[in-house]
2 protein chains.
Amino acid sequence: MTHLALSDRTLELVARRFRYLGEPFRLRILQSLSRGEKTVGQLVEDLDANQPNVSKHLQMLLEAGLVSRRKEGTSRVYSMGDPMLLTLCDLVCRSARERTEEDLAELQSAQARKP
Amino acid sequence: MTHLALSDRTLELVARRFRYLGEPFRLRILQSLSRGEKTVGQLVEDLDANQPNVSKHLQMLLEAGLVSRRKEGTSRVYSMGDPMLLTLCDLVCRSARERTEEDLAELQSAQARKP
DNA sequence: CCCCAATATTATTATGTACGCATATATAAA
DNA sequence: TTTATATATGCGTACATAATAATATTGGGG
């Protein structure tokens, strides 16, 4: 992004990563995993979601290297798969929060002018 | 993401940001803008794309606060809108590159074992 | 081997989104 | 005001993706 030209393939990989992060439900999964590794069943309970949906999203996250997993008996234990993730989400969350605050401030000053 | 629970609204905002970043063409736009601010026409030329498409993607990026713009005569000059972006893309690109290398290494060792 | 529990996969349907084309808006110049 | 240039918007089509329900698979215990 900075200065180097990325190949189409790399660009597609990076885009996929962002795209896979761009789903509220998957963000909730990652948020849950950030508090500790969990089995599919634990995620289903924690997120109050249905199991096939959780499995499918986990599969996508796994594909993109955003989570990793290990077997444990008949269960699969999933965990955050990329140390970059915490930093990344922190960045975006902070920035989004700042932006929300800016919007709020604008809204308030607009209300102060108008009525 | 780290420890705090995000509201549904914030989660949706963050997800939208990631989703908007998750399109190769929009990444190319940002990559181009990272080398300096540009008008729509300059982007069209630089990316060899058609104008309405560029305008539409710029509109989305603007919505999400990922680019900003100013008027200059009859033109609009767009630029990177969030200082976080460079860091962010750097992170993801590096991580994606590492992952690609891992995949490559796995593939090679698999080939070494198999035949 | 059979059964049960945990997880994954498939099929279906509904919704979202990108692209290209045509067209609308805006601003500057004649 | 008319014309030309730059940018934005609307529309239709093709394709991607999410949610749900039903079903398959995998591994452990009896």
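Per chain, numbering begins at 1; letters A, B, ... match sequence-line order.
- In terms of phosphate contacts, B:Ser75 brings a side-chain nitrogen or oxygen within less than 4.0 Å of OP1 or OP2 of D:dT7.
- Within the structure, ring pair (Phe, Tyr, Trp, His ring centres under 6.0 Å) contacts touching residues 14-53 of chain A (residues at least two apart or in different chains) are A:Phe25-A:His57.
- The nearest whole Å value for the distance from the CZ atom in B:Arg16 to the P atom in D:dA18 is 18 Å.
- In the region residues 62-70 of chain B, proximity to DNA chain D at under 4.0 angstrom, judged on heavy atoms, holds for B:Arg69.
- Not counting sequence neighbours, the partners of A:Gln51 by the side chain to side chain donor-acceptor pair (under 3.5 Å) test are A:Ser55.
- Scored by the side chain to side chain donor-acceptor pair (under 3.5 Å) test, B:Arg76 finds no partners at all (sequence neighbours excluded).
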Side-chain donor-acceptor contacts of residues 80-88 of chain A below 3.5 Å, not counting sequence neighbours, with atom names and distances?
{"from": "A:Asp82", "atom 1": "OD1", "to": "A:Met84", "atom 2": "N", "distance (Å)": "2.8"}
{"from": "A:Asp82", "atom 1": "OD2", "to": "A:Arg17", "atom 2": "NH1", "distance (Å)": "3.2"}
{"from": "A:Asp82", "atom 1": "OD2", "to": "A:Arg17", "atom 2": "NH2", "distance (Å)": "3.2"}
{"from": "A:Asp82", "atom 1": "OD2", "to": "B:Ser95", "atom 2": "OG", "distance (Å)": "2.5"}

Would you list the protein and nucleotides 12-18 of chain C atom pairs, both N or O, that sit under 3.5 Å from each other?
{"from": "C:dT17", "atom 1": "OP1", "to": "B:Arg19", "atom 2": "NE", "distance (Å)": "3.3"}
{"from": "C:dA18", "atom 1": "OP1", "to": "B:Arg26", "atom 2": "NH1", "distance (Å)": "2.8"}
{"from": "C:dA18", "atom 1": "OP1", "to": "B:Arg26", "atom 2": "NH2", "distance (Å)": "2.9"}

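- For A:Glu37, the salt bridge (charged side-chain N to carboxylate O under 4.0 Å, His left out) partners two or more places apart in sequence, or in a different chain, are A:Arg70.
- Sorted pairs that involve residues 27-54 of chain B and meet ring pair (Phe, Tyr, Trp, His ring centres under 6.0 Å), not counting sequence neighbours, are lacking altogether.
- For B:Leu43, the side-chain contact (heavy atoms from CB on, under 4.5 Å) test picks out B:Ile29, B:Ser32, B:Leu33, B:Lys38, B:Leu47, B:Val54, B:Leu58, with sequence neighbours left out.
- Protein atom CG of B:Leu43 is 13 Å distant from nucleotide atom C1' of D:dA6, rounded to whole Å.
- Side-chain contact check for B:Arg9 versus B:Leu13: some heavy-atom pair is nearer than 4.5 Å.
- Not counting sequence neighbours, A:Glu45 has no partner by the side-chain contact (heavy atoms from CB on, under 4.5 Å) test.
- Between B:Gly41 and A:Lys56, the residue anchored nearer the 5' end of DNA chain D, judged by the nucleotide with its closest heavy atom, is B:Gly41.
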Enumerate all atom pairs, one protein N or O and one N or O from nucleotides 21-30 of chain D, separated by less than 3.5 Å.
{"from": "D:dG27", "atom 1": "OP1", "to": "A:Lys71", "atom 2": "NZ", "distance (Å)": "2.8"}

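- Spacing between atom CG of A:Leu21 and atom P of D:dA18 amounts to 12 Å, rounded to whole angstrom units.
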side-chain contact (heavy atoms from CB on, under 4.5 Å) for B:Val77 and B:Val40? Distances and angles first, verdict last. CA-CA 7 Å; B:Val77 183; B:Val40 177; over 6 Å; no
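- Close to D:dA8, at under 4.0 Å from its OP1 or OP2, lies a side-chain N or O of B:Tyr78.
- Phosphate proximity of C:dA6 to A:Arg76: absent, as no side-chain N or O sits under 4.0 Å from OP1 or OP2.
- Considering only residues two or more places apart in sequence or on other chains, B:Ser75 meets the side-chain contact (heavy atoms from CB on, under 4.5 Å) condition with B:Thr39.
- The CD-C1' distance, from A:Gln59 to C:dA6, rounds to 15 Å in whole Å.
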